[in-house]
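One structure is given here, and the rest of the page talks about it.
Throughout, protein chains are lettered first and strands after them, A, B, ... in sequence-line order, and every chain is numbered starting at 1. As a basis for the values below, the full set of heavy atoms in this structure was taken, side chains included, without hydrogen atoms, waters or symmetry mates.
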Amino acid sequence: DAKTTQPPSMDCAEGRAANLPCNHSTISGNEYVYWYRQIHSQGPQYIIHGLKNNETNEMASLIITEDRKSSTLILPHATLRDTAVYYCIVRAGNNAGNMLTFGGGTRLMVKP
Amino acid sequence: DTAVSQTPKYLVTQMGNDKSIKCEQNLGHDTMYWYKQDSKKFLKIMFSYNNKELIINETVPNRFSPKSPDKAHLNLHINSLELGDSAVYFCASRGSLGQFFGPGTRLTVL
């Protein structure tokens with residue numbers, strides 16, 4: 001699996017967009033980018049995944065650069081409940097359930 | 001209804017004991033997993049299991065063994081518990097939209 005690099009922590013004002021970056025410069029052609037988050041004392045939660053096109057669902061948007069070496073998860077209107085650790089994972093295959101390897105993630109703190 | 005449930009939520013035990021953590025999913029998924037989250041909050045895959053195949057992370061000691069009485073359950077048995085086994089253990093099941101995780105079991109070995 002390609003290694004990912006994320007900033008260890010970020011702050012965001014409530015109601016503003018939270019943009020979480022992820023670098024995956026060694027990503028290969030068949031690898032997808034997945035995002036999960038873990039709210040304190042809970043299990044990880046799937047957010048979104050994509051290959052090369054930008055993706056959007058009810059939770060977030062995923063922007064993948066044209067060279068696929070980096071991506072950004074966007075929470076359009078962050079709330080206090082979005083405070084969590086966000087994990088960017090790169091994994092082969094369009095199967096969001098393959099075995100995943102979680103790195104350190106980004107601790108997002110949404111402040112009032 | 002809870003999609004993936006684990007029991008117990010907290011487990012405190014002595015070194016050398018044998019313990020089990022239960023996991024149940026009501027999503028109809030075929031594949032389930034066990035993860036270990038250590039003190040640094042890194043999540044590490046331990047097992048992947050479906051009706052046909054068990055995939056074991058090579059770094060997992062053989063004191064750990066998954067047991068699946070049926071498709072909806074994947075229990076984790078741990079023999080001869082050691083201090084280093086203290087962690088939070090997450091069960092998960094796989095669906096088309098990703099893995100759904102249980103709430104975790106915090107294991108403390110004294």
Side-chain angles (χ1 to χ4, degrees), chain A residues 1-10 22 31-51 55-62 71 73 81 83-109, chain B residues 2-10 21 23-25 27-50 53-60 66 71 74 76 87-107:
Chain A
D1 295 341
K3 182 179 177 181
T4 61
T5 305
Q6 299 176 252
S9 64
M10 289 182 63
C22 179
E31 290 182 316
Y32 286 70
V33 180
Y34 296 98
W35 282 84
Y36 282 74
R37 74 179 182 183
Q38 186 174 21
I39 296 170
H40 181 62
S41 298
Q42 297 182 22
Q45 177 189 25
Y46 167 84
I47 302 174
I48 199 167
H49 78 284
L51 180 62
E55 302 287 345
T56 296
N57 62 21
E58 66 279 2
M59 289 183 68
S61 294
L62 174 60
S71 61
L73 178 74
R81 294 180 184 180
T83 293
V85 178
Y86 287 77
Y87 296 96
C88 169
I89 301 160
V90 175
R91 183 66 178 148
N94 185 17
N95 187 330
N98 283 343
M99 292 170 65
L100 302 169
T101 301
F102 290 78
T106 296
R107 183 172 298 277
L108 175 68
M109 180 71 71
Chain B
T2 303
V4 182
S5 60
Q6 294 178 229
T7 55
K9 187 169 183 178
Y10 299 96
I21 306 172
C23 177
E24 177 181 2
Q25 55 97 0
L27 299 167
H29 293 163
D30 290 328
T31 304
M32 298 179 71
Y33 306 86
W34 276 104
Y35 287 83
K36 177 181 180 180
Q37 187 171 39
D38 60 23
S39 57
K40 295 182 179 179
K41 305 299 183 184
F42 290 111
L43 272 161
K44 299 177 183 177
I45 185 74
M46 299 177 71
F47 304 102
S48 167
Y49 183 83
N50 63 22
E53 187 177 18
L54 171 65
I55 300 174
I56 303 172
N57 184 323
E58 293 177 352
T59 64
V60 176
K71 196 174 81 167
L74 183 66
L76 181 65
V88 181
Y89 292 84
F90 289 98
C91 173
S93 72
R94 183 180 82 186
S96 59
L97 290 179
Q99 291 187 22
F100 292 81
F101 286 79
T105 296
R106 181 174 294 278
L107 171 65

Q.
My understanding is that only residues two or more places apart in sequence, or in another chain, count here; which of them pass ring-ring contact (aromatic ring centres under 6.0 Å, His included) with Phe90(B)?
A. none
Q) side-chain contact (heavy atoms from CB on, under 4.5 Å) with Pro44(A): which of Phe100(B), Tyr35(B), Phe101(B)? A) Phe101(B)
Q. What distance do Leu43(B) atom CG and Tyr36(A) atom OH have between them, rounded to the nearest 0.5 Å?
A. 11.0 Å
Q. Of the backbone (N, CA, C, O) and the side chain (C-beta and beyond), which part of Gln37(B) lies under 4.5 Å from a heavy atom of chain A, both, or neither?
A. side chain
